[in-house]
Each structure stands twice: as structure tokens, then as C-alpha cells.
Amino acid sequence: MSLLELRNVSKRYGDFAAIDGLDLTINKGELRCLLGPNGAGKTTCMDLIVGRQRVSEGTVRLMGTDIAALSEHQIARKGVGRKFQIPSVFKELTVRQNLEVAFNRNKDPFLNMLSFKNFKGMKRYDEITDLIGLKDRSNTVSGLLSHGETQWLEIGLVLMQDPVLLLMDEPTAGMTEQETYKTSQIFNTLKGSHTLVVVEHDMSFVREIADVITVMHMGKLLAEGTITEIENNPQVRNVYLGTEGIH
Amino acid sequence: MSANIYHNRKAQWLAYIGLFLLLALVPVLFDSPFLLNQLARYAVFAMLAVSVSLVWGYGGILSLGQGIAFGLAAYGMGMTMQMQFQDPVSDPVPSFMLTNDLSTLPLLWEPFWSTPVGLALTIAVPTIFFIGFGAMMFQARVAGVFVAIMTLAMLAAWYAMAYDMQPFTSGFNGISPPMPFEFAGVSIDPYSPTAYLICVGFLAALTLAVKLLMQSKFGLVVQAIRDDPERVRFLGYNVAYYQVIVFAISGFIAACGGLCWVMVVQYVSPTSLELTLSVSAVIWAAVGGRLSLLGAILGAYLVNGLQSYMGDELQDVWMIVLGSIFIGVVLFLPRGLVGLIEDALGYFTGKSETETATVAIERTV
């Protein structure tokens with residue numbers, strides 16, 4: 001069953017089309033990698049799904065319903081979680097408070113004024129802090145975390161939302177090799193139980209986690225297939241990987 | 001591992017309650033009407049500082065327009081008190097209107113014949129204005145310095161209006177109600193312990209309510225919005241809605257301050273809508289520590305106390321002194337004076353500064 005369906009989606013800025021007639025289908029439980037050279041439209045594509053930017057043309061359907069006209073928080077409530085390219089967490093709050101903000105079924109300010117319970121999502125909190133490896137740092141102010149830990153915390157925030165679809169924009173950007181490896185383990189744990197779309201440049205990371213890869217170029221879909229298919233696709237080699245092949 | 005007692009919630013509540021009890025004891029300890037009136041004024045300023053701490057320290061919204069709510073409420077209270085003096089039959093029109101060629105009471109003033117209605121308007125009008133103004137700004141995602149500019153411009157507009165609508169507001173001269181405020185048959189002398197205790201009571205109730213509110217999930221989300229509104233939005237919260245509510249609550253607090261202000265000074269003029277007051281409120285909160293309501297209160301008391309007791313010869317250069325204090329705090333004490341207390345308590349409860357930072361439970365107090 002398709003969870004997310006983009007049909008003939010375009011995003012234009014004047015004469016320039018950042019996304020040009022893109023079709024994309026993500027099935028439930030899938031881990032999809034989105035590749036492409038700079039300016040291919042990967043981040044714009046994610047922005048269109050989460051409502052940060054509006055589509056110029058085409059439809060975006062989540063589980064059958066059109067979400068293109070909804071505002072960001074409404075799309076998030078429908079179960080779309082987004083991790084940003086530049087890690088964004090609440091720097092002055094502790095790790096625990098960060099996750100508390102993210103965990104909430106109830107988004108109404110007035111009801112939240114009456115909520116003082118220390119933390120209702122205890123079980124999920126334990127699971128997620130285990131997964132992202134920040135269990136013993138729960139009282140640390142998150143502004144003091146390392147870059148890798150901040151990335152993991154943001155992944156934790158998105159997971160705390162319990163989304164049906166996770167969009168990860170360059171989750172390993174700026175990470176050391178070891179941190180990247182740990183991140184790939186996190187993703188492999190999520191695979192199957194979650195549906196993920198990952199934008200990534202690091203090929204070794206992509207090899208580690210990907211099922212199906214979608215390659216974009218100039219706002220269009222260039223190729224789709226398994227890692228071997230993509231690596232041997234002459235078009236992909238031309239536009240993206242250069243003549244020297246994949247590193 | 002002992003954590004810094006500064007971050008202990010129970011200790012925080014004790015400190016707050018201790019301070020307010022101390023303030024409430026002042027009339028028992030000192031029999032000085034002048035001192036009581038002066039401290040009542042400081043309590044009003046402290047309310048204004050609390051409203052800044054809420055909206056700026058917790059909400060990350062740098063509003064230079066807290067004086068709008070303060071001033072509107074001050075005018076509401078002034079009008080209520082003026083109408084208490086007027087007689088519906090023999091003397092229905094305030095004298096300043098007569099000298100400005102108004103022979104009948106303007107419609108705007110009519111509701112103020114009734115003290116309860118007048119008081120309700122005094123609080124409701126600024127609060128509702130802040131809801132509307134806030135909705136306009138935050139729906140359009142105005143943030144940061146642009147909020148400061150917009151609130152500043154709005155404040156200037158209200159100031160000009162109060163100044164120019166002389167027949168309705170008595171313009172530059174302001175309104176001086178001839179009699180003290182009377183409520184339920186009791187006249188509240190501005191120099192009496194009653195007036196003082198009303199101000200301290202307002203300050204205590206509002207501060208404790210905000211403290212409690214900031215400990216709720218709502219408060220946590222508000223602080224998260226301060227750190228990164230975009231992130232909060234993509235977690236499914238309607239950020240503008242939260243910001244409007246925080247802004248409106250801060251307006252409500254400033255309005256309570258305006259009400260009390262006119263009760264203790266028995267006078268209202270465009271000065272309460274002047275830029276100076278609103279900017280000073282931001283400085284009080286910054287000096288004391290905008291991340292702490294208690295800090296903001298201390299800042300208001302200390303800075304105003306300093307101004308009052310600095311000596312007459314320095315009054316001319318007061319703005320320079322105030323500006324220097326502000327620059328000093330921004331450069332050397334970004335967490336304000338309570339930041340010093342935080343570090344000192346951390347030192348004495350067995351933690352060095354860097355360690356306390358890593359185990360901080362509550363950044364905001």
C-alpha cells in the first residue's frame with residue numbers, strides 16, 4: 001500500500017522550476033534514499049511534503065488524502081515527522097525536556113496549561129533514549145551536546161512524535177565515521193516498523209541502509225532502483241557520480 | 001551528586017513565597033506613608049518587569065510595547081476614578097472636557113459611570129488588543145527584531161493618540177482624578193497600607209500564576225518556541241496560537257500594573273505610553289535576569305530604588321546611568337543578577353560553574 005504519493009508535482013520560482021513534474025511513491029515500511037547533486041530538488045521535495053513550501057502544481061497524498069493545502073502543524077499532526085538538514089533542537093532545554101515537547105497527543109495550549117504530569121510517555125522515552133544512545137544524558141542541556149548527539153536527539157524528537165512517515169534530511173551531515181555507523185544502526189532498527197525517506201550524500205551510509213534509491217536531477221526523477229542498479233545506471237553516472245564512479 | 005539548589009523547584013517556590021511575605025510585612029515594620037507609596041510604585045514596575053520576563057525571557061518575543069497595555073489600562077483606571085467623582089445630574093462632564101469645548105460626555109466615557117464596568121474595561125481592552133495585535137504579528141510569522149520594531153511603532157501610535165485627543169484624554173496634561181479610588185464603599189488612599197497591599201497582592205498572584213504556568217506543558221512548549229519555532233511547528237504545534245496566548249497574558253499582567261499604577265499615583269498622562277517606560281521595563285528585566293520572574297522583580301526594585309536614592313544631582317544623567325547599567329549587564333551578566341546568585345549557589349552547594357551547566361535541570365526559574 002502506498003503511504004505517500006506525489007503525482008506530477010512541480011514547484012516553480014518564476015521561470016525556474018525547482019521541482020518539475022515529479023512522481024514519487026513511498027510504500028509503507030519502506031526505507032527510501034533520495035540522492036542527487038546539489039540543486040536537484042531533494043530538500044525542496046521534502047519541504048513540499050511537510051508544507052514548508054507550497055506546490056505549484058500536482059498533488060501530494062498521504063494515505064489517500066491530499067495534504068498539499070494543509071499548514072505545517074496540521075501535516076505534522078497527520079503523522080509526518082521531519083528532521084532538518086541543520087540540526088535543530090531546543091538548545092536551552094534539557095534532553096528530557098526536548099523529548100517531552102515532542103511527545104504529545106494533545107497540542108491545545110489551554111489543555112496543556114493544566115498538564116503538570118512529569119512525563120506521560122515514559123515507556124517510549126526509555127525506548128527512544130536507548131535507541132539514540134542519550135539515556136544517561138537526559139538532564140544535560142542540549143546546547144552542550146556534541147554535533148552527532150544533537151543529530152541523534154533530533155532523530156529522537158521526530159520518533160517521539162510517533163510519525164507514520166519520517167523524512168530525514170542529511171542525518172549524517174558533519175558526523176564522524178563512527179557516528180555515521182551508529183546512525184546507520186539506528187536506521188536499520190527503524191526499518192520495517194517505520195517508513196523513512198532519507199536524503200543523503202554519504203554513499204557508504206546509503207549502501208548500509210537503503211532498499212530502494214531514487215535519484216533526482218534538475219527537479220526531475222532520473223532513476224529508481226536498488227543500489228546495484230543505480231550504481232550501474234549510465235545516466236546516473238553521468239550527471240551525478242561523474243565518470244569515476246561511486247566512491 | 002548534589003545539584004545546584006538554584007534549580008530545585010521546591011527551593012524556588014520557597015524563595016518566591018518568602019519574598020512576597022517579606023514585601024507584605026513592610027507596612028507592619030515601617031509606619032511611613034511615603035515609603036509605602038514608593039514601594040507600591042515599585043511593585044507596579046515589578047509587574048511590568050514580570051510581563052517582560054514572560055514574553056521575552058520565556059517566550060523569546062522582544063516586545064517594546066508592554067507600555068501599550070500598561071498605558072491603556074492606566075487610562076481606563078483614570079477614567080473610572082474620574083467618573084467616580086462626577087455627578088450624573090449636577091456635574092456630568094469632567095472639567096477638562098468643558099475647557100476643551102465638549103459640553104456632553106463622549107460615548108467613549110459613558111461606560112465608566114459604573115466602577116465594575118470601568119474596571120472590567122480597564123483590564124479587558126488591553127488584553128483583547130494584545131490578542132488582536134499578537135494574532136496579526138504571529139500569524140504572519142513576524143519574529144525577532146521586527147517584533148520589537150512593530151511593538152515600538154504601535155506604542156508610538158497610541159502615545160500620539162493619547163496626546164492628540166485632548167478633549168477625550170486631556171492630552172499632555174493628563175487626567176488627575178480629584179478623589180482616591182473608591183471600591184465597595186471604601187476609599188483607597190494611595191498612601192495607605194491597603195493600596196500598598198493591593199499592589200503587592202497583584203504582583204504576588206500574577207507572578208506565582210505565571211511561575212506555575214511555566215512549569216506546565218504549556219510553559220515547556222513556549223520555551224521550546226523561544227529556542228526554535230520551526231522545530232516546534234513541525235512537531236505539530238500551532239506556534240502562532242501559543243505566541244498569541246503568551247503575548248496576551250503578558251498584556252494582561254501589564255494591564256494589571258497600569259490599573260494599580262493610577263490607583264497609587266492618582267494621575268494618568270501620556271507618559272505611561274512613552275517609549276521610556278517600555279524600554280525601562282526591558283532593562284529592569286534584563287538587569288535582574290529575564291529568564292527568572294524573581295530576577296525581573298529584583299531588577300525592577302533595584303533599578304528604581306537606585307534612581308530614587310541616587311541623589312538629586314545625578315537625576316539629570318539618569319538615562320546615561322541606566323544605559324550604562326544595561327550595557328554592562330548585556331556584556332558581563334547575560335543572565336542578569338540572578339545569574340550571579342545561580343553561580344554562587346552552585347559554588348556553595350558543591351558544584352563548579354561548568355558542572356552546574358551540564359546538570360542544569362531548570363534553566364529558567
Non-hydrogen atoms of [X] and [Y] that approach each other most closely:
X	Y	value
B:Leu235	A:Gln161	CD2-OE1, 3.5 Å
A:Val101	B:Tyr237	O-OH, 2.7 Å
B:Gly236	A:Arg77	O-NE, 2.7 Å

In Å, rounded to the nearest 0.5 Å, how long is the span from [atom1] of [X] to [atom2] of [Y]?
X	Y	atom1	atom2	result
A:Asn139	B:His7	CG	NE2	11.5 Å
A:Ile75	B:Arg233	CD1	CZ	12.5 Å
B:Leu220	A:Gln97	CG	CD	5.0 Å

Residues of residues 241-257 of chain B with any heavy atom under 4.5 Å of a heavy atom in chain A: B:Tyr241, B:Tyr242, B:Ile245, B:Ile249

Tell me whether [X] at atom [atom1] has more than 12 heavy atoms from other residues, nucleotides or ligands lying less than 6.0 Å away.
X	atom1	result
B:Leu333	CG	yes
A:Ile86	CD1	no
A:Lys78	NZ	no
A:Glu127	CD	yes

Contacting region of A:Asp108 [heavy-atom separation from chain B under 4.5 Å]: both

Engaged part of A:Phe84 at the chain B interface, taking heavy atoms whose separation is under 4.5 Å: both

A:Arg52 side chain reached by B:Phe234 side chain, heavy atoms, under 4.5 Å: yes

Pairwise side-chain contact, B:Arg231 with A:Phe90, heavy-atom cut-off 4.5 Å (strictly under): yes

Segment of B:Val222 engaging chain A (4.5 angstrom heavy-atom cut-off): neither

Max heavy-atom pair count under 4.5 Å with chain A, selected residue of B:Val239, B:Leu213, B:Val221, B:Asp228: B:Asp228

Test salt bridge (Lys or Arg N to Asp or Glu O under 4.0 Å) applied to A:Glu72 - qualifying residues, sequence neighbours left out: B:Arg141

Under 3.5 Å donor-acceptor, B:Lys217 side chain and A:Leu111 backbone: no

